[in-house]
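Throughout, protein chains are lettered first and strands after them, A, B, ... in sequence-line order, and every chain is numbered starting at 1. Because the structure is a prediction, the values reported are computed rather than measured.
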Amino acid sequence: MNLSLCCISKSLSDEGHRFKTMTYTQFCKKPQDESMNELCARILHNFKITHRTIKYCQENYIQGYRLSSSLAPVLTHKNVNLKISDLPNYPSIVQECESIQQTLQKQYLRISAHPSEYITLSSLDENCIKNSILDLEQHAEIFELLGLPKSYQNPLNIHIRQDGDPVGISKRVMKVYDSLPNSVRNRLVIENNDNAKGVWSIKNLLKYFPNIPITFDTLHHKLLNDDWTHDYAFHSAADSWTFFTPLFHYSEGIVEKGKETRKHADMPTSYPTNYNRPVFWDVELKHKCHAIFKIRQLAANNL
DNA sequence: ACCAGTCAAGGAAGC
DNA sequence: GCTTCCTTGACTGGT
């Protein structure tokens, strides 16, 4: 079973290896020089934490890693609008990324990313679209820095945030999609969602986005299955990846009043089913690496 | 050292 | 139609 760690290793985090961040509000509170120096230092630090986490995955035979979506905060804010390559310490960041590439060459790890939940390519507000594209482009810039191919082997996964008429929404999304740079478009995949009155089930994603790989998320599907069984949705989504190995999401919801909610649980009680197909699973459980180890154990016990 | 409040996004959902 | 919620982990400032 190919399992993938999402952003953070809880073990490393507990040892004090944590990402650093900065909000736009904080950035504005101090003189620009001072804030920029601090921001650059934090971003470089984040690449080093990423490198450390990648090594952790390799040491523990974890086959995939989802990059944090806040490696380089503030830069994509509309009033800042900087690329990583604009930073004064860019050479140091490049150096760290080259070092990460060397690490990746020693032992394969499938790298992916899940840009912000707030990305929307269907918005009627042009500024929202613009901000979303900036965010996606920054992710692509990081993938390029890591020397990753522009393909679904290293996917950028997003949701269709907006619910309503799927015809109009998909039309708007595809118009933006066609304008995206190759570095984003060639990696972009779409995940099912689970809003109570939502339309973006696996069934509808496949129907309205027939040429884009669809990410099957087990928990979202439980909450919005649109009359498709788990195995039918799994196989249909897997087929959409054609000759790439699908990267799916596995999670379990906290049970409240006898009902499974969309809130992610800390640890698994079960494990994902592959139906004998090759699949990678991002493990979206809060205890991160510990959840991965538990899934392995549960699966091994049932062999 | 610890704790509660803050931060960011844009659409959903509730009143 | 307006307000609150969602989500996350780290930052911030007060004790």
For A/His287, side-chain hydrogen bond (donor to acceptor under 3.5 Å, both in side chains) partners two or more places apart:
none
Whole angstroms only, please: what is the CG-C1' distance between A/Asp135 and B/dA9?
9 Å
As a check of understanding: the bend across the helix from B/dA1-C/dT15 to B/dC15-C/dG1, end axes from five pairs, rounded to 10 degrees, works out to 60°
What does A/Asp125 touch in the nucleic acid at a heavy-atom separation under 4.0 angstrom: a base, only the sugar-phosphate, or nothing?
nothing
Are any of the side-chain heavy atoms of A/Phe143 and A/Ser183 separated by less than 4.5 Å?
no
Rounded to whole Å, how long is the line connecting atom CD of A/Glu117 with atom P of B/dG10?
13 Å
Hey, are the side chains of A/Ile212 and A/Leu188 touching, using non-hydrogen atoms and a 4.5 Å cut-off?
no
Would you indicate which nucleotide in B/dA13, B/dG11, B/dA8 comes nearest to any side-chain atom of A/Thr25?
B/dA8
Send over the distance from A/Asn131 CG to B/dG11 C1', rounded to a whole Å.
14 Å
Indicate the ring-plane relationship of A/Tyr232 and A/Trp228, choosing parallel, tilted or perpendicular according to the 30° and 60° boundaries.
perpendicular
Does A/Lys222 come within less than 4.0 Å of A/Glu252, counting only side-chain N to carboxylate O?
no
Is there a residue in residues 39-46 of chain A whose heavy atoms reach under 4.0 Å of DNA chain B, and which residues are they?
none
From CZ of A/Phe27 across to C1' of B/dA8 the rounded distance in Å is 15 Å
Indicate, with yes or no, if the rings of A/His114 and A/His159 have centres closer together than 6.0 Å.
yes
A/Lys150 versus A/Glu144: any side-chain heavy-atom pair under 4.5 Å?
yes
Pick base, sugar-phosphate or nothing for A/Ser123, based on heavy-atom distances below 4.0 Å to the nucleic acid.
sugar-phosphate
NA contact type, A/Arg161, heavy-atom cut-off 4.0 Å: base, sugar-phosphate, or nothing?
base
Classify the nucleic acid contact of A/His159 as base, sugar-phosphate or nothing, counting any heavy atom under 4.0 Å across all strands shown.
nothing
With a 4.5 Å limit on heavy-atom distance, are the side chains of A/Tyr118 and A/Asp135 in contact?
no
Does A/Ser116 put a side-chain nitrogen or oxygen below 4.0 Å from OP1 or OP2 of B/dA9?
no
Of all nucleotides in DNA chain C that come within under 4.0 Å of a heavy atom of chain A, which is furthest toward the 5' end and which toward the 3' end?
C/dC6 to C/dT12
side-chain hydrogen bond (donor to acceptor under 3.5 Å, both in side chains) against A/Asn204, all qualifying residues, sequence neighbours excluded
none
A side-chain contact here means heavy atoms from C-beta on lying under 4.5 Å apart; do A/Ser112 and A/Pro155 qualify?
yes
Walking DNA chain C from its 5' end, the first of A/Lys29 and A/His17 to be reached, judged by nearest nucleotide, is A/His17
With sequence neighbours excluded, what pairs up with A/Tyr275 under the side-chain hydrogen bond (donor to acceptor under 3.5 Å, both in side chains) test?
A/His230
Please state how far atom CD1 in A/Ile133 lies from atom C1' in B/dA9, giving the value in whole angstrom units.
16 Å
Scan A/Ile119 against the nucleic acid and name what it touches under 4.0 Å (heavy atoms): base, sugar-phosphate only, or nothing.
nothing
Between A/Tyr118 (OH) and B/dG10 (P), how many Å, whole number?
10 Å
Under a 4.0 Å N-O cut-off, is there an ion pair linking A/Glu141 with A/Lys83?
no
Can you check the A/Leu134 CG to B/dA9 C1' distance for me, whole Å?
14 Å
Round to a whole Å and report the spacing from CZ of A/Arg262 to C1' of B/dA13.
11 Å
